[in-house]
Participant: 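Sharing a structure with you now.
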Amino acid sequence: MKIFKIAFWILWRVWFYILMAIPILIMLPFLVISILSEKGYPYFFKMARIWAKFILFGMGFFYTVKREQKLIKGKSYMIVANHTSMTDIMLTLALIKNPFVFVGKKELVKIPLFGFFYKRTCILVDRSSSKSKNEVFKRAQNRLNQGLSICIFPEGGVPDDESILLDEFKDGAFRLAIDHQIPIVPIVYPDNKERFSYTFLSGSPGKMRARILPFVETQGLTSDNRKELRDQVRNMIYNGLMDYQKE
């Protein structure tokens with residue numbers, strides 16, 4: 001029985017990367033055109049949402065979302081969520097219609113084909129480099145000035161310790177939100193780790209739940225409020241995860 005499980009996991013993981021490539025290849029000319037200038041990003045974003053939904057459907061994931069507040073079209077937000085799976089990227093794209101840019105780790109550039117577009121459309125961060133972090137901040141400010149939103153997983157990566165429900169948050173997302181006086185959109189993903197974790201021999205098709213919590217306003221806040229804001233948002237997401245565990 002265990003041999004069949006291992007065989008399924010291997011084939012299923014390989015299928016995931018095949019699914020990542022199929023829509024990219026189909027839409028390749030349009031994707032390339034859309035990244036030639038920053039003005040084309042909203043068109044790229046629409047295709048990215050199709051790509052994300054294609055993968056989720058192809059992997060046998062079906063998602064449900066509870067929206068406690070809705071985003072306003074044309075408005076910029078700082079989107080933050082707990083981070084446990086690569087599918088966090090796809091699910092966020094599927095849920096949010098407002099064009100946003102991911103701030104993500106540079107390691108994903110190594111994925112064939114996907115990495116090419118990831119490098120040219122996302123803001124990459126090298127967590128070991130302070131210079132990289134400063135560049136990330138400047139690029140994120142530029143994108144916000146263009147009227148886009150930003151999505152950051154403020155844990156800074158997936159916790160190494162499997163027992164950690166939610167790691168400590170970094171300050172970057174909250175500093176940006178305060179500087180631009182934009183609302184923070186906290187999102188809770190309780191199932192993504194079970195569905196498709198970074199552990200290779202694990203996961204299964206099934207339901208992915210999401211909960212978009214009430215937005216946290218930053219109007220009138222200053223840099224002195226950054227840590228208080230960070231802890232407030234972290235507590236909201238943590239309590240949201242705990243609520244799902246009680247169900």
Participant: When the ring planes of Phe45 and Tyr41 are compared, do they come out parallel, tilted or perpendicular, using 30° and 60° as the limits?
Facilitator: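 Because their plane-to-plane angle lies in the 30° to 60° range, the rings of Phe45 and Tyr41 count as tilted.
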Participant: So, does Ser76 use its side chain to make a donor-acceptor pair with the main chain of Leu148 at under 3.5 Å?
Facilitator: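 Yes; at least one donor-acceptor contact below 3.5 Å.
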Participant: Quick test of your reading: applying side chain to side chain donor-acceptor pair (under 3.5 Å), list the pairs with at least one residue in residues 83-92, sequence neighbours left out, ordered by first then second residue.
Facilitator: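 Found His83-Asp88, Ser85-Thr87, Asp88-Asn192, Thr92-Tyr189.
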Participant: Taking only residues two or more places apart in sequence or in another chain, which ones pass ring pair (Phe, Tyr, Trp, His ring centres under 6.0 Å) with Phe16?
Facilitator: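 Per chain and number, Phe16 pairs via ring pair (Phe, Tyr, Trp, His ring centres under 6.0 Å) with Phe196.
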Participant: Using the ring pair (Phe, Tyr, Trp, His ring centres under 6.0 Å) rule, pick out the option among Phe114, Phe57, Tyr118 that qualifies with Trp51.
Facilitator: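 Between Trp51 and the candidates, ring pair (Phe, Tyr, Trp, His ring centres under 6.0 Å) is satisfied uniquely by Phe114.
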Participant: Using atom types as modelled and distance alone, determine if a side-chain donor or acceptor of Thr199 lies under 3.5 Å from a backbone N or O of Leu201.
Facilitator: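 Such a contact is absent between Thr199 side chain and Leu201 backbone.
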Participant: Using the rule that Ile, Leu, Val, Met, Phe, Trp and Tyr join whenever any side-chain heavy atoms are under 4.5 Å apart, tell me whether Met27 and Phe54 fall into a single cluster.
Facilitator: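 Cluster IDs for Met27 and Phe54 match.
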Participant: Looking at every non-hydrogen atom in both residues, tell me the closest pair between Phe137 and Arg175 and how far apart they are.
Facilitator: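 Nearest heavy atoms, Phe137 then Arg175: CZ-NE, 3.2 Å.
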Participant: For Trp15 and Gly58, indicate whether the former's side chain and the latter's backbone hold a donor-acceptor pair under 3.5 Å.
Facilitator: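 Yes; at least one donor-acceptor contact below 3.5 Å.
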Participant: Only one of Lys66, Arg211, Arg209 passes salt bridge (charged side-chain N to carboxylate O under 4.0 Å, His left out) with Asp243; say which it is.
Facilitator: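 So the option named by the test is Arg211.
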Participant: Test your reading of the model: is there a side-chain donor-acceptor pair from Arg230 to the backbone of Glu168, 3.5 Å cut-off?
Facilitator: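 Such a contact is absent between Arg230 side chain and Glu168 backbone.
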Participant: Any donor and acceptor pair, going by atom type alone, linking the side chain of Glu194 with main-chain N or O of Gly203 inside 3.5 Å?
Facilitator: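 A pair under 3.5 Å: no.
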Participant: Provide the closest heavy-atom pair for Pro154 versus Phe174 in the form atom of the first, atom of the second, distance.
Facilitator: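 Closest approach of Pro154 to Phe174, heavy atoms only: CB-CE1, 4.2 Å.
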Participant: Would you say Glu228 has more than 12 foreign heavy atoms packed within less than 6.0 Å of its CD?
Facilitator: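 Open: at most 12 neighbouring heavy atoms sit under 6.0 Å from CD of Glu228.
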Participant: Among all residues two or more places apart in sequence or in another chain, which pass the ring pair (Phe, Tyr, Trp, His ring centres under 6.0 Å) test with Phe117?
Facilitator: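 Result, ring pair (Phe, Tyr, Trp, His ring centres under 6.0 Å) vs Phe117: none returned.
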Participant: May I have the step-by-step check of salt bridge (charged side-chain N to carboxylate O under 4.0 Å, His left out) for Glu155 and Lys170, ending in yes or no?
Facilitator: CA-CA 6 Å; Glu155 292 168 275; Lys170 313 294 182 186; over 6 Å; no
Participant: Give a yes or no on whether Phe200 atom CZ has more than 12 heavy-atom contacts from other residues, nucleotides or ligands under 6.0 Å away.
Facilitator: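 Yes.
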Participant: Over 60° means perpendicular and under 30° means parallel, so classify the ring planes of Tyr77 and Phe215, tilted if in between.
Facilitator: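 Phe215 vs Tyr77 ring planes: perpendicular.
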Participant: Nearest 0.5 angstrom please: Leu144 CG to Ile150 CD1, how far?
Facilitator: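 Here the rounded value is 4.5 Å.
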Participant: Should we count CG of Leu36 as having more than 12 external heavy atoms under 6.0 Å?
Facilitator: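 Counting other residues, nucleotides and ligands, CG of Leu36 exceeds 12 neighbours.
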Participant: Tell me whether Arg13 forms a cation-pi arrangement with Tyr17, defined as NZ or CZ under 6.0 Å from the six-membered ring centre and within 45 degrees of its axis.
Facilitator: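 Judged by the rule (NZ or CZ under 6.0 Å from the ring centre, within 45° of its axis), Arg13 is not positioned above Tyr17.
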Participant: So does Ile96 get a backbone contact from the side chain of Arg49, meaning a donor-acceptor N/O pair under 3.5 Å?
Facilitator: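 Yes, because the side chain of Arg49 sits within donor-acceptor range (under 3.5 Å) of the backbone of Ile96.
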